[in-house]
2 protein chains.
Amino acid sequence: MTTISDVARVAGVSRSTVSHALSGKRPISEATRNRINEAIADLGYTANAGARALATSKSSIMGLIVPFTPEEFAPSTMQYVLVVAETARSLGYDVLLVTEEEGAAGITRVTQSNLVDGVILLDVKRHDDRLAALASANQPGVLLGAPEESVSFDVVDLDFAEAGKRLVEHLFEEGHREIIFLTLPDSIFEMDLGYAWRVRDAAISTAAELGVELRIVVGDSDPQRRAETLSAALENRGTATALLVHNDGALADLQQILQELSLRVPDDIAVLGIFPEQFGRMFSLPYTAIETSAALVASQAVRLLANRIERPESPFVRTLLEPIITDRGTSRKV
Amino acid sequence: MTTISDVARVAGVSRSTVSHALSGKRPISEATRNRINEAIADLGYTANAGARALATSKSSIMGLIVPFTPEEFAPSTMQYVLVVAETARSLGYDVLLVTEEEGAAGITRVTQSNLVDGVILLDVKRHDDRLAALASANQPGVLLGAPEESVSFDVVDLDFAEAGKRLVEHLFEEGHREIIFLTLPDSIFEMDLGYAWRVRDAAISTAAELGVELRIVVGDSDPQRRAETLSAALENRGTATALLVHNDGALADLQQILQELSLRVPDDIAVLGIFPEQFGRMFSLPYTAIETSAALVASQAVRLLANRIERPESPFVRTLLEPIITDRGTSRKV
DNA sequence: CTGAAAGCGCTTACAG
DNA sequence: CTGAAAGCGCTTACAG
């Protein structure tokens, strides 16, 4: 192991000078700086992370608390994880992965040991018991997903309530007055995930305000039955003219089901969805939709955390990103 | 911040005694141990990670080097990541996520700084330039994916060559003599990923040995064209009686395409595949197949790394897991 | 512009 | 069974 003392010796300066050359925290003469850089290159020196963390009380590591869902197919989670890692790196941080197997204890462990400088919580629920653990930590935290109550953390999320509202408004403006709304499965609602509740609640209240009939069909978590539920809903659509879908799996099934039932979009039924842009690309989803962007939300979360680590006193921000509808012509009323 | 000195003072013992009580490295009397544990609980003490790392030269962190594929839909990668994190935690390690944006430099950075005790490489290629960086590190590494040459690292992978062989043998035994083999897209082969090459090469050579005609159709990376390619291959199947698929996306499309072409399985065409078990579950794939298990491979990799960190001199192992065919009746010749 | 020295919070021989 | 002390490799006032 080569240490800062080795570098100092080879460069013919003191350790403190090397340290300052590294951090840039005080002016170093051109000549010494060159000798130091040369020595560093020759020796292949990298500062010892533990020693630096001990001396500065900063590890330059962000903890990423990911929901523990081994049985789940979590394509979009990976997006968040990758974008967090990248963005963190670009700001000089590494990322420690903390799965929720340990529950809130994981948060306490990595913060209390000073392993991390701060923490990002993925998939924050409307009432999330991890927030208590986070609140008693000495390090800051940023929430990806908005809790119901206002909290002393930075929060980033898509504005899902606004999304639900705009989706229904959009269909209303297109002339639809009777809409089938396929939601996420009950299990997601039971997990208290805000994005499920907010889209649904906003869709319901907006429909009520506009005098639109919204027929709610709850998605099934089993892939087989999920397709059957959707198929049945379409067959028994009656006078409904539009299908609003907030359910990734069902959207993937939809194309085949429409074909089986010989339904044309938008001629026989208009379709409007909300899904992650990644997912849409993977399955070439052709529908008018609000596309959620993991990249946007995750990178913003990292920037907020970095900022708070470096400026702990800045005021808390709650960023709700505006949902945008991309019109692909499938929501027209024909 | 509460330190070991605080604990020592409250418990009325020396710091070294507290340290030994924590590590269990020397006998502590019942009475002192109780006082220490009480003090720890009262104060909410957790050892400072940086200080411990500095003193022991061990961070209890494993670095996980993940391929950098932000544009890709990486469902199975998430599986690996989660299983690695879990298994590591169960063995007392945390996981630092290193994306490949930095390339091999990331490996050098986290090892040289002693941030990690060892490293796991995901998606190792047949000729992987990251191995050079790993070889010059002071910490051990475990490869997930087998390189072509034999290396001084532990290696875990499914035995994909054996898989390719067994798939063709299975079809041969079922009576098929003319097989369409849908492979992964060229881009994957160009990335030098062993699993693509090994399945293909073994399938080709086994077919040759058995006198089976293997008609190779290369998958397309674009979802739309991927489906068209598959559809065309099935329409123009001629006298081929079986379809062998090593292409997740195509397998997801298959059900719909078969229906469009009014082909029954296995009556009109037998189907045999190889895909991640997660993927199969997500899409309810009903085919006879070799299912690859992220969980098995990833947890084994972590165990190997933990073992090597703790016993650096143990001989290197190259674990190639035996591929098992699950027969679901879709590969019969009718 | 540079250096000597204290200190960060642990662990671990060494001594008893 | 327990303690005093050195040392891990950095950073940062303090001094010049």
Side-chain angles (χ1 to χ4, degrees), chain A residues 1-37 39-40 43-61 92 109-117 138-139, chain B residues 1-37 39-40 43-61 92 109-117 138 310:
Chain A
M1 239 218 106
T2 116
T3 73
I4 199 172
S5 299
D6 299 325
V7 176
R9 187 168 17 77
V10 170
V13 296
S14 73
R15 295 182 329 188
S16 59
T17 301
V18 176
S19 178
H20 284 106
L22 248 23
S23 67
K25 282 191 182 169
R26 77 182 184 192
I28 308 282
S29 77
E30 184 72 23
T32 13
R33 181 188 306 284
N34 288 151
R35 286 210 312 286
I36 290 174
N37 286 337
I40 288 176
L43 298 171
Y45 169 74
T46 307
N48 180 287
R52 180 172 276 175
L54 178 56
T56 60
S57 299
K58 286 268 172 286
S59 66
S60 294
I61 297 177
R109 186 174 57 82
V110 297
T111 52
Q112 209 156 252
S113 64
N114 253 285
L115 223 191
V116 301
D117 296 339
N138 280 316
Q139 291 88 340
Chain B
M1 240 220 102
T2 117
T3 73
I4 199 172
S5 299
D6 298 326
V7 176
R9 188 169 14 79
V10 170
V13 296
S14 73
R15 295 182 329 190
S16 58
T17 301
V18 176
S19 178
H20 283 106
L22 248 22
S23 67
K25 283 192 182 169
R26 75 181 185 194
I28 308 281
S29 78
E30 184 73 23
T32 17
R33 181 189 306 284
N34 288 151
R35 287 211 310 286
I36 290 174
N37 286 337
I40 288 176
L43 298 170
Y45 169 75
T46 306
N48 179 288
R52 181 172 276 175
L54 179 56
T56 61
S57 298
K58 286 270 171 287
S59 66
S60 294
I61 297 177
R109 184 174 59 81
V110 297
T111 52
Q112 210 155 249
S113 63
N114 253 285
L115 223 191
V116 301
D117 295 340
N138 280 316
E310 287 146 32

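Quantities reported herein were computed from a predicted structural model and do not represent experimental measurements. Naming: A, B, ... by sequence-line order, numbering from 1 per chain.
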Original post:
Hey, does A/Thr56 reach any base, or is it just sugar-phosphate, or nothing, if we go heavy atoms under 4.0 Å?
Top reply: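 It contacts sugar-phosphate atoms only.
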Which nucleotide wins on minimum distance to the side chain of [X], given the candidates [options]?
X: B/Arg26; options: C/dA13, D/dC10, C/dA4; result: C/dA13
X: B/Ala47; options: C/dC10, D/dG3, D/dC10; result: C/dC10
X: B/Val13; options: C/dT12, D/dG3, D/dG9; result: D/dG3
X: A/Thr3; options: C/dC10, D/dC10, D/dT11; result: D/dC10
X: A/Arg52; options: D/dT11, C/dT11, D/dG3; result: D/dT11
X: B/Leu54; options: C/dC10, D/dG9, D/dT11; result: D/dG9

Roughly, in whole Å, what's the span from [atom1] in [X] to [atom2] in [N]?
X: A/Asn114; N: D/dC10; atom1: CG; atom2: P; answer: 19 Å
X: B/His20; N: C/dC14; atom1: NE2; atom2: C1'; answer: 11 Å
X: A/Asp6; N: D/dC10; atom1: CG; atom2: C1'; answer: 13 Å
X: A/Leu115; N: C/dC10; atom1: CG; atom2: C1'; answer: 14 Å
X: A/Gln112; N: C/dG9; atom1: CD; atom2: C1'; answer: 15 Å
X: B/Arg9; N: D/dA4; atom1: CZ; atom2: C1'; answer: 18 Å
X: A/Ile4; N: D/dT12; atom1: CD1; atom2: P; answer: 11 Å
X: B/Asn48; N: D/dC8; atom1: CG; atom2: C1'; answer: 13 Å

Original post:
Looking at A/Leu22, A/Thr2, A/Ile4, which hits side chain to side chain contact (heavy atoms under 4.5 Å, CB included) with A/Ile40?
Top reply: A/Leu22
Can you tell me if [X] touches the phosphate of [N], counting only side-chain N or O atoms and a distance under 4.0 Å to OP1 or OP2?
X: B/Thr17; N: D/dG3; answer: yes
X: B/Arg15; N: C/dC10; answer: no
X: B/Lys25; N: C/dT12; answer: yes
X: B/Ser14; N: D/dG3; answer: yes
X: A/Ser29; N: C/dT2; answer: yes
X: A/Thr32; N: C/dT2; answer: yes

Under the 3.5 angstrom rule, does the side chain of [X] hit a backbone N or O of [Y] as a donor-acceptor pair?
X: B/Asp6; Y: B/Thr3; value: yes
X: A/Arg35; Y: A/Ala11; value: yes
X: B/Ser59; Y: B/Leu115; value: yes
X: A/Ser19; Y: A/Arg15; value: no

**OP:** Identify the nucleotide, in any strand shown, that forms a Watson-Crick or G-U wobble pair with C/dG16, with both distances under 3.5 Å; if there is none, say none.
**Re:**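 With both distances under 3.5 Å, C/dG16 matches D/dC1.
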Spacing of the [atom1] atoms in [M] and [N] (rounded, Å):
N: C/dT2; M: C/dA6; atom1: P; answer: 23 Å
N: D/dA13; M: D/dG9; atom1: P; answer: 23 Å
N: D/dT12; M: D/dG16; atom1: C1'; answer: 16 Å

**OP:** Work out which heavy atom in A/Asn48 is nearest to a heavy atom in A/Met1; give both atom names and the distance.
**Re:** ND2-CE, 3.8 Å
Original post:
If you take atom types as modelled and just measure distance, does the side chain of B/Ser16 reach the base of D/dA4 with a donor-acceptor pair under 3.5 Å?
Top reply: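 Pair found.
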Original post:
Taking the nucleotide of DNA chain C with the closest heavy atom to each, which residue, A/Ile28 or B/Ser23, is nearer the 5' end?
Top reply: A/Ile28
Original post:
Does CG in B/Asn37 sit with more than 12 non-hydrogen atoms of other residues, nucleotides or ligands closer than 6.0 Å?
Top reply: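 Result for CG/B/Asn37: enclosed.
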